[in-house]
Amino acid sequence: MNLVNLESVSHAYGPKPLLGEVSLGIEAGDRIGVVGRNGDGKTTLISVIAGTLKPHGGRVTHTRGLRIGFLSQRDDLDPALTVGEVVLGDRAEHEWAGDQAVREILGNLLGDIELSARVGELSGGERRRTALARLLIEEHDLVILDEPTNHLDIEAIAWLAGHLSQRRSALLVVTHDRWFLDAVSTRTWEVVDGTVQRYEGGYAAYVLAKAERARIAQATEERRQNLMRKEIAWLRRGPPARTSKPKFRIEAAQALIANEPPVRDTVELVKFASARLGKTVYDLDRVTLHAGGPGEGPLVLDDCTWQFGPGDRVGLIGVNGSGKSSLLRLLADSVRPDSGTVVRGKTVRLAHLSQELAELDPTRRVLETVEEIRKFIQVGKREWTASQLLERLGFRGDAQWKVVGDLSGGERRRLQLLRLLMDDPNVLLLDEPTNDLDIETLNELEDLLDAWPGTLVLVSHDRYFLERVTDRCVALLGDGGLSLLPGGVDEYLQRRSSGNALTARAGSAPPGSGGSGAEGASGTSAATDGAAPSGMSAKELREAQKELSRLERQLDKISGRETTLHAAMADAASDYGRLASLDAELKELQAQKETIELEWMELAERLGE
C-alpha cells in the first residue's frame, strides 16, 4: 500500500535549489535510509514528506488516516511538563507499567532520568531522548527520524536498531551513523544536487552500487570519447572505416573490492610511528583515577596497569559517564591520577580533541585560522596544503573565506580538528570527533587518518567509524579496569548484556590481554574462588582450574613474545624487510592469542556460573 507520494516536488532556500522536480513514493513496510552532504536537503526532504514543510512546487499526497511519527532535530516539548507527562500522557501507571514494550523503551532511553523531572530542567541530550521515547511508545504507520542516534551511546544505539527492526511501521531515517543505516534500512536514498538517487540495500550495498554506477559512467564516457576520436579520424580520412563497437562487461559487486589493498599499510605506519615515537608512548602503572579528582566522583581506574605503544590505534568504549573523557584527559596530562604513575614518552607530541570547542578568533577567516598553525603538512608520503585539507573536510571554495564567527558548531569542530592535525602530532586523542560530520566528510577523515602515522586513542559512539579507524578496542566496564575486547563492539555489547565483565581489570584479565596479568599468572581467576559452580563436581572443578592456569601460562608466554616483537620492530624501523617479517610473526602470534583468549573466556564463564 502506498503511504506517501511526491510528484515533481521542488523546494529552494534562496538561490540554492534543494529539491528539483523530485518524484518518489513510500510503501507500507519500506525501511529507507537517507544520506547526503550537510546542506544538500535531507532534512528538507523528510520535512516535506512529514507534511511539516510545504514545498514551493509539486504535490505531496498522504494515504487517508496516515499516522506519522516525526522526530525532528528540534523538539517541541513543554518545559513545564514532567518527563512522565510528555512520554506517557494520561496513561494510568498500572496500564504502562504492565506493558513490557513501554518498560523496555523507558529502561533503554530514560533509565537515568526520573519520570517526575521537569522537562525544562533537562539537558539537550535528555530532552532528545525524551522526545524519542514519546514517539516510540505511540503507534504509527510511518516513523520519520532525523538523526535519532545523537546523544545515544553504543549500547542504546544497538538497542534502538533492534527495536526499529521489529516495528511494523514503515521507516524513513536520516543519520550519519553508517552502522545504524546498515542495521535498520533495506533501501537508501541519496540527496544530491537537487535530486534523490535510489539504491537497494543498506549503507554497504549503497556504497557498492554507487561505485558500480561510477564505473559504468566512466566506461560510458570512455566509449563516447573513443567514438568521437573515430568520428574525427573519419572526417579527416574520408570514407568511414568499418569498426566494431567496444563491449563493456559489468562485474559483480564483489569484483569492486576483491583486489583492493588493506585500508592501512600497517607495516609502513608502525615503521613511521616507531621512528617518531620510540618504544614508549604511555605506560600506566597501578593507576587509580576518579572522574571528579582524587576521591571525587565515579571511579574510572582502580590500580590499573596498561600500555599504549607506537602505532597503536585504540577505540575506547563505555557507557556515558564511565570515564572515557577522564581517561583521555589523564593521557593529555590535564588531570592527575589519585595514585600510581603515568609515564609519557619523551618524544610524544600530543593533540587532544575534547568535546569542548576551543576558543577561536571570531573575526579571522577559516583559511587564515588554519594557516597560522602551518601552511603545509606531510601525511604519509604526500604533502598537503592547508587549503587542500580544508576542502577534504568540507570547506570547499568560498567556505574557506568565511568568518569563523559565522560558522556552525559542526563547522567549528571540523576546523578545530584540522588545526590539531596541522600541528603535526604523533599522538592523537579524539573525543567524539564525528559529531555533526556528514558521511562524505567522515569518509575523507577516515582516509586522512589511514595515512597518519602515530598512536591514536578514539572515543566515539559512531560504531562504523570506531571499527574503521582503530585496530583494537578496550572498554571501561565500571570495575576500575580496562578490558581488551578481541571481539570488538559485538563482544562489548554481549558482556554488557550478560553483566559479566570477565577480563576487566589488571590482575584479573587473562595475561597478555593488555593488563598487568600479575595475579592471573600466580593463580586462577577470582571466578574460580568459593564453591563449585552448579552442575560441576569437585574433580571437574579442579580439572577446569588446572586448565585455566595452563591457558594463563600460555597467554603469559605469548604476551612476553609480543613485547619482544614490539621492541624489535621499534629497533628495525629503518629496515623494511625485517619489519615486514616481524609484523607477519606478530600477526600469527595475535591469532594464536585470540584463540586461547576465547578458550579462557569460555572456561571462566563456566566457572563463574
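Just so it is clear, the structure is predicted and the values come from calculations on it, not from any experiment.
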Flag side-chain contact, heavy atom, 4.5 Å: [X] against [Y]:
X	Y	value
Leu145	Leu135	yes
Val457	Leu327	no
Val87	Leu115	no
Arg413	Leu353	yes
Leu485	Arg472	no
Trp96	Leu106	yes
Leu389	Leu448	yes
Glu104	Trp159	yes

Separation between [atom1] of [X] and [atom2] of [Y], rounded to the nearest 0.5 Å:
X	Y	atom1	atom2	result
Asp447	Arg392	CG	CZ	4.5 Å
Leu449	Leu458	CG	CG	8.5 Å
Leu430	Leu466	CG	CG	11.0 Å
Asp177	Thr149	CG	OG1	4.5 Å
Leu81	Arg118	CG	CZ	7.5 Å
Ile68	Ile144	CD1	CD1	5.0 Å

Any luck finding a side-chain donor-acceptor pair between Asp462 and His176 under 3.5 Å? no
Is the backbone N or O of [Y] less than 3.5 Å from a side-chain atom of [X], with the two atoms forming a donor-acceptor pair by type?
X	Y	value
Arg67	Glu138	no
Thr470	Arg313	no
Glu147	Gln73	no
Ser497	Leu493	no
Asp182	Tyr203	yes
Lys324	Ile317	no
Ser185	Gly202	no
Asp75	Leu77	yes
Arg31	Val184	yes
Thr82	Glu85	yes

I need the minimum non-hydrogen distance between [X] and [Y], along with the two atoms involved.
X	Y	result
Val9	Pro55	CG1-CB, 3.7 Å
Pro362	Val403	O-CG1, 2.7 Å
Gly201	Thr188	O-OG1, 2.8 Å
Phe395	Arg414	CE1-CB, 3.9 Å
Gly25	Trp189	O-CZ2, 3.8 Å
Ala475	Tyr492	CB-CD1, 3.9 Å

Positive for side chain to side chain donor-acceptor pair (under 3.5 Å) with Tyr206, one of Gln197, Glu190, Glu200, Arg198: Glu190
Per the side chain to side chain donor-acceptor pair (under 3.5 Å) rule, which among Ser460, Ser325, Ser354 passes with Asp431? Ser325
Salt bridge between [X] and [Y], side-chain N to carboxylate O under 4.0 Å?
X	Y	value
Glu27	Arg187	no
Arg468	Asp450	yes
Arg129	Asp112	yes
Asp78	Arg134	no
Glu444	Arg396	no

Tell me every residue that passes salt bridge (charged side-chain N to carboxylate O under 4.0 Å, His left out) with Glu126, counting only those two or more places apart in sequence or in another chain. none
What do the steps show when you test Leu160 against Leu136 for side-chain contact (heavy atoms from CB on, under 4.5 Å), and what is the final call? CA-CA 10 Å; Leu160 180 60; Leu136 296 180; 3.8 Å; yes
Go through the steps to decide whether Lys42 and Asp438 satisfy the test salt bridge (Lys or Arg N to Asp or Glu O under 4.0 Å), and finish with yes or no. CA-CA 11 Å; Lys42 302 187 297 294; Asp438 58 35; 5.9 Å; no
Test log, rule side-chain contact (heavy atoms from CB on, under 4.5 Å), inputs Tyr464 and Leu181: CA-CA 10 Å; Tyr464 190 103; Leu181 275 174; over 6 Å; no
Please check if the number of heavy atoms outside Arg59 that lie under 6.0 Å from its CZ is greater than 12. no
Distance-only criterion, 3.5 Å: show the donor-acceptor pairs between side-chain atoms of residues 88-95 and protein atoms not counting sequence neighbours.
residue : atom : partner : partner atom : Å
Arg91   : NH1  : Leu88   : O            : 3.3

Begin from the C-alpha positions of Leu360 and Arg419 and carry the test side-chain contact (heavy atoms from CB on, under 4.5 Å) through to its verdict. CA-CA 11 Å; Leu360 300 171; Arg419 279 166 55 91; 3.6 Å; yes
Side chain to side chain donor-acceptor pair (under 3.5 Å) evaluation trace for His461 with Asn320: CA-CA 10 Å; His461 292 148; Asn320 289 337; 3.3 Å; yes
Dump the intermediate steps for side-chain contact (heavy atoms from CB on, under 4.5 Å) on Thr441 and Thr434, then the final yes or no. CA-CA 9 Å; Thr441 306; Thr434 65; over 6 Å; no
